[in-house]
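We name chains A, B, ... by the order of the sequence lines, and we start the count at 1 in each one. Only this structure's heavy atoms are used, side chains among them; waters, hydrogens and symmetry mates stay out.
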Amino acid sequence: MELHLYNTLTRRKELFRPIRDGEVRMYHCGPTVYQRPHIGNYRAFLFADLLRRVLELADLKVTQIMNLTDVGHLVDDAEEGDDKLEAQARKDKLDPWQIVETVTEQFFIDMEALNVKRADAYPRATDHIPEMVAMVETLIDKQHAYRVGDNVYFDVHSFPAYGRLSGNRIEDLEAGARLEVNDEKKHPADFALWKSDEHHLMKWDTVFGPHGFPGWHIECSAMSRKFLGDHFDIHTGGEDNVFPHHECEIAQSESVLNGPFVNLWMHTKFLQVDGGKMGKSLGNAYTLDDLSERGYSALDYRFLMMRGSYRTSLNFTWEALKGAAEARRNLNDFRSRLLGESGAEGGVALDAIAADSAVAKARQAFRDALADDLNTSESLAALFMLRNAYVHGKLSASEYPAALTLLDEADGVFGFLDAVESGGLSDQEVDQLIQERGEARAAKDFARADTIRDKLSAANITLEDTPDGVKWFRG
RNA sequence: GCCGGCAUAGCCAAGUGGUAAGGCAACGGAUUGCAAAUCCGUCACCCCCAGUUCGAGUCUGGGUGCCGGCUCCA
């Protein structure tokens, strides 16, 4: 399975070739844990999960790292504003370390609800101060950075490729930026590697002075290097990370390493709400709880995200979420119906089935679409077409086990199917109850018939009264 | 203001030169003790204007709108 993935750096789709055969190392910019992430934040993390699962589908061994930013991410501009965490701490009159714990815990609860696979590690910035300091020292030694008092800045003119990722030119940045209030930098576009502020709550005593804390960008450079090595395959983030964050990471890391840092940069477009921007001040920055209050599960949201391209901004509306929830239910039912057919057990070797069978064709379409820069929309369409073939009776019973296996394979990527619950009744018991209900109905004892139906329903059994008799499945 | 991206039916969305995937909703019908579910059928000239081409949603130019970066944000 050959994957073609879009690289922000080269602005085109490229054939993906791992640095080490059969192995992929990737790093994701994770949340800044100062308040609970909203559903827009989770779009980027769901993308990271999708990417990991597709790489695994392509038989690659994935090492996946997602950082937690718990210091240094400033509210205002990178040099003068408050630290996001500290600002929240002051607002809530809480210790910033306490906020980190609370939000991190909530983050993992949300991620689990979204059926996101655990990364290999979630390093925290505050646990890697020594690595960052070492890197900053190297940058100073190599004259890519300079000290002004207890502060350290990166000299963007020392790195000729600065601006390549984002398409920005240093001159334009200077021209476009608002008035620069920090006059201790040599150039306005220079960015902070290390800052000092005695009023900061989270601060460290280092070679640079007693009250220091790291710049936001150096955190990811230091942590990705520690966990993935100097040169690794993929780095992802939201589109807002392209500049300045990732641009700065490249400058720092490549200046330290004298070599390539990341081969493939991938970025998720933002989620919009009702055609416009999502923001806390607009009151439309929903959390998973907001969705839950309206009766939607985290998996419904996950499925909605899977229906669109990660490279196009996706418009969140309640109607769209409802549509996704219904569509997801239909695929769930498809699986349930296949399971309900006698003999459909799954576990079929899909590579071995006849290439001209409906299932093989669907599988090919499903995989080809994903291999084309994660075209989930088209990939899911292949599954719905298989469902249509089944509904229209164009799928022979002998193909059901393979169809079921394909659904399982697809669920391995999309992660949207509900767990099948036995409901505590065996097939024999269900058949027995359905027969009793049939007798009740024949005798026009509808009260009894409905009681039985309710009992089955409570055990997660769905009944359908069709012209061909009663059908049932679990789910 | 400067730089970049996007614009497809009521909603979400795929599609990069050859005559509009898929899903949801809606509508008509079938079935039904009721309800649900299910089944059959219907449903787009692709933001506007101009151009290139035998042929354009797909390319070019100009508008308009939205989004992103320059400024905290996935």
Would you please test Thr287(A) and His38(A) for side chain to side chain donor-acceptor pair (under 3.5 Å) and show each step?
CA-CA 5 Å; Thr287(A) 66; His38(A) 53 64; over 6 Å; no
Using a distance-only criterion (donor-acceptor N/O pair, under 3.5 Å, no hydrogens), is the base of A13(B) paired with the side chain of Thr312(A)?
no
Assign Met66(A) to base, sugar-phosphate, or nothing according to its heavy-atom contacts below 4.0 angstrom with the strands shown.
nothing
Among C12(B), G10(B), C24(B), which nucleotide sits nearest the side chain of Glu319(A)?
G10(B)
If you check the Lys269(A) side chain, which of A74(B), U38(B), G5(B) turns out closest?
G5(B)
Base, sugar-phosphate alone, or nothing: which one does Lys471(A) contact when heavy atoms must sit under 4.0 Å apart?
nothing
What I want to check is whether the side chains of Tyr153(A) and Glu184(A) have a donor and an acceptor closer together than 3.5 Å.
yes
Donor/acceptor link under 3.5 angstrom from Asp450(A) side chain onto base of G33(B)
yes
Indicate, yes or no, whether a donor-acceptor pair under 3.5 Å links the base of C34(B) to the side chain of Arg453(A).
yes
Centroid distance below 5.5 Å plus an interplanar angle below 30 degrees: do Phe243(A) and G69(B) meet both conditions?
no
Look through every strand shown and name the nucleotide pairing with U42(B) as Watson-Crick or G-U wobble, where both distances are under 3.5 Å.
A26(B)
Establish, for the pair Arg118(A) and Phe108(A), whether the NZ or CZ atom is under 6.0 angstrom from the six-membered ring centre and no further than 45 degrees off its axis.
yes
Please check the phosphate of C12(B) (OP1 and OP2 only) for any side-chain N or O of Asn315(A) closer than 4.0 Å.
yes
Quick one: which of G22(B), A74(B), G33(B) gets closest to the side chain of Phe446(A)?
G33(B)
Using a 4.0 Å heavy-atom cut-off, does Arg328(A) contact any base of the nucleic acid, only the sugar-phosphate backbone, or nothing at all?
nothing
Phosphate-side-chain proximity, His28(A) and A74(B), N/O vs OP1/OP2 below 4.0 Å
no
Base, sugar-phosphate, or nothing for Pro244(A), non-hydrogen atoms under 4.0 angstrom?
sugar-phosphate
May I ask you to verify if any side-chain N or O of Lys277(A) is less than 4.0 angstrom from the OP1 or OP2 atom of G68(B)?
yes
Nearest to the side chain of Glu464(A) - A14(B), U38(B), A25(B)?
U38(B)
Examine G23(B): is either OP1 or OP2 under 4.0 Å from a nitrogen or oxygen in the side chain of Asn388(A)? Give yes or no.
yes
Counting heavy atoms from C-beta on, name the nucleotide in A25(B), C66(B), U38(B) closest to the side chain of Arg337(A).
U38(B)
Which nucleotide in the list C40(B), C11(B), U38(B) gets nearest to the side chain of His392(A)?
C40(B)
Look at Arg294(A) together with Asp290(A) and state whether they make a salt bridge at an N to O cut-off of under 4.0 Å.
no
N or O in side chain of Asn375(A) less than 4.0 angstrom from G15(B) OP1/OP2
yes
If pairing requires Watson-Crick or G-U wobble contacts with both distances under 3.5 Å, which nucleotide is the partner of C34(B)?
none
